[in-house]
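Taking it in order: structure first as structure tokens, then the write-up.
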Amino acid sequence: MKDIPTWIDEYHKGSRFGLNGKVLLKKNSKYQEILIIETDCYGKALMLDGCWMTSLRDEKYYHECLVHPALSSIDKKSHILIIGGGDGGTARECLKYSQVAKIDLVEIDEEVINVSKTFLQEIGSEAWNDKRLSIHIDDGVKWVEKTNDNFYDVIFIDCSDPSEFSNLLFTDSFYRECKRILTKKGILATQSESPESFKDIHIHILKSLNKIFKLSKTMYSFVPIYPSGIWSWTFASEEELNLSKLYYKEVMRIEKDCDVWNLNFQNAAFQMMPNKIVKELNSKNDQ
Ligand code: SAM
């Protein structure tokens with residue numbers, strides 16, 4: 001008898017985003033419910049507390065957009081901090097750059113790393129064996145608080161949506177602390193939620209980073225398994241992000257390896273702010 005389709009859904013504000021597939025693992029860690037699903041159309045996928053996080057088929061849509069606008073536009077990129085990122089995708093993309101000497105990956109939930117290494121090896125790939133990667137099981141907020149000034153060249157906030165243990169990663173005080181531990185020319189790169197399905201937190205993130213950093217700019221693209229499909233990444237720094245001339249050849253080589261990101265795509269993606277977001281950012285309230 002044909003398998004009865006099993007739909008696994010993310011429920012979001014009266015809508016739902018479902019994938020058909022089979023649950024391979026369901027467990028509760030100290031922090032969240034973790035599911036691995038073998039989906040019919042996106043391959044193996046990770047779900048945390050009922051939210052789709054990543055899948056083998058669409059993970060590059062997200063990880064390439066988070067990493068390459070930052071690392072292709074900064075010369076000194078030896079020390080990197082990744083907050084969250086327990087599936088290994090952000091680390092994998094960072095390690096493509098030869099100048100990256102050390103990555104601290106600070107993930108609060110060790111179970112996410114263990115499950116990703118077992119079921120989603122393709123995402124972390126060689127990153128898990130790379131000597132430049134150090135894994136720390138800790139709260140990103142605490143990690144940043146105990147870090148010295150001017151320590152990191154780039155900080156990636158690759159976290160889940162706001163929840164009781166990730167909420168603080170979206171606050172002004174946390175962004176100020178990130179700025180303190182960044183080098184003068186350093187870049188903060190964060191997933192900045194969706195202008196559609198998480199509009200309020202999206203606006204909050206953009207307003208905060210606009211207030212705290214001299215420059216911040218947001219790019220928009222699609223992550224098919226996320227609510228509404230449209231997502232954003234914001235890059236904040238004290239200096240203009242310009243394509244690194246020093247490492248142009250390496251950037252071109254990395255670009256060839258990408259599924260979504262390239263410099264033309266990036267330039268267009270930085271021009272895609274929906275007008276309703278532009279108007280809200282310019283509105284006086286809650287400046
Ligand atoms: N990289 C994936 C993607 O493609 O969007 C999803 C992000 S990753 C799975 C999100 C991670 O952030 C989760 O593993 C979660 O445990 C972690 N996280 C949430 N709050 C955190 C915190 N305060 N400190 C460190 N990690 C945190």
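All residue numbers in this chain count up from 1 along the given sequence. Read the numbers this way: they start at 1 and go in the same order the structure lists the ligands and their atoms.
In terms of hydrophobic clustering, with Ile, Leu, Val, Met, Phe, Trp and Tyr side chains grouped at heavy-atom distances under 4.5 Å, F235 and F170 are assigned to a common cluster. Clustering ILVMFWY residues whenever any of their side-chain heavy atoms sit less than 4.5 angstrom apart, transitively, puts L209 in the very cluster that holds I201.
Interface atoms of ligand 1 facing V112, defined by a heavy-atom separation under 4.0 Å, are 14 (O). Contact atoms of ligand 1 toward Y226: 3 (C), 4 (O), 5 (O) (distance under 4.0 Å to a heavy atom of the residue). Heavy-atom contacts of G85 reach the following atoms of ligand 1: 8 (S), 11 (C) (cutoff under 4.0 Å). Interface of T54 with ligand 1, defined as ligand atoms under 4.0 Å from a residue heavy atom, comprises 4 (O). For ligand 1 and L169, the ligand atoms under 4.0 Å from any heavy atom of the residue are 20 (N), 21 (C), 22 (C), 23 (N). Close contacts between ligand 1 and D109 involve ligand atoms 16 (O) [criterion: under 4.0 Å to a heavy atom]. Set against the non-hydrogen atoms of S166, the atoms of ligand 1 under 4.0 Å away are 19 (C), 20 (N).
For H63, every heavy-atom contact with ligand 1 shorter than 4.0 Å involves the side chain, none the backbone. Neither the backbone nor the side chain of F174 comes within 4.0 Å of ligand 1, counting heavy atoms alone. At a 4.0 Å heavy-atom cut-off, ligand 1 touches D139 through backbone and side chain alike. Contact annotation for Q32 and ligand 1: only side-chain heavy atoms (C-beta onward) come within less than 4.0 Å of the ligand. Counting heavy atoms under 4.0 Å from ligand 1, residue F165 touches it through both backbone and side chain. Only the backbone of D138 comes within contact range of ligand 1, with a heavy atom under 4.0 Å; no side-chain atom does.
Nearest-heavy-atom check against atom 12 (O) of ligand 1 across S163, G84, C65 picks out G84. Checking E107, K142, M47, E164 against atom 13 (C) of ligand 1, the nearest heavy atom belongs to E107. Scanning V115, D87, D161 for the heavy atom closest to atom 1 (N) of ligand 1 points to D87. Nearest to atom 24 (N) of ligand 1 by heavy atom, out of S55, G86, G140, G88, is G140. Residue nearest to atom 18 (N) of ligand 1, selected from V106, I108, I83: I108 (by heavy-atom distance).
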Apply side-chain contact (heavy atoms from CB on, under 4.5 Å) to the pair D104 and I80, showing each step before the final yes or no. CA-CA 6 Å; D104 289 316; I80 308 280; over 6 Å; no
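Look at K30 and D109 and you find no salt bridge, because none of the NZ, NE, NH1 or NH2 atoms lies under 4.0 Å from a carboxylate O. A salt bridge links K146 to D138: one of the charged nitrogens lies within less than 4.0 Å of a carboxylate oxygen.
A donor atom on one side chain and an acceptor atom on the other are not found under 3.5 Å apart for E193 and S232. For the residue pair S55 and K44, no side-chain donor N or O sits within less than 3.5 Å of a side-chain acceptor on the partner. Donor-acceptor pairing under 3.5 Å is lacking for the side chains of W261 and E255.
With a 6.0 Å cutoff to the six-membered ring centre and a 45° limit on the axis angle, K13 counts as a cation-pi contact of F198. Cation-pi geometry between K217 and F270 is met: the NZ or CZ atom falls under 6.0 Å from the ring centre, inside 45° of the normal. Taking the centre and axis of the six-membered ring of Y42, the NZ or CZ atom of R57 falls inside the cone set by 45° and 6.0 Å.
Closest of all the heavy-atom pairs between I36 and L46 is CD1-CD1, 4.1 Å.
Using a 4.0 angstrom heavy-atom cutoff, L48 counts as in contact with ligand 1. Judged by the shortest distance from any of its heavy atoms, G89 lies outside the 4.0 Å radius around the atoms of ligand 1.
Annotation: atom 4 (O) of ligand 1 to nearest protein heavy atom, Y62 CD2, 3.1 Å.
The aromatic rings of F151 and H79 stand perpendicular to each other, their planes meeting at an angle above 60°, with 30° marking the opposite boundary.
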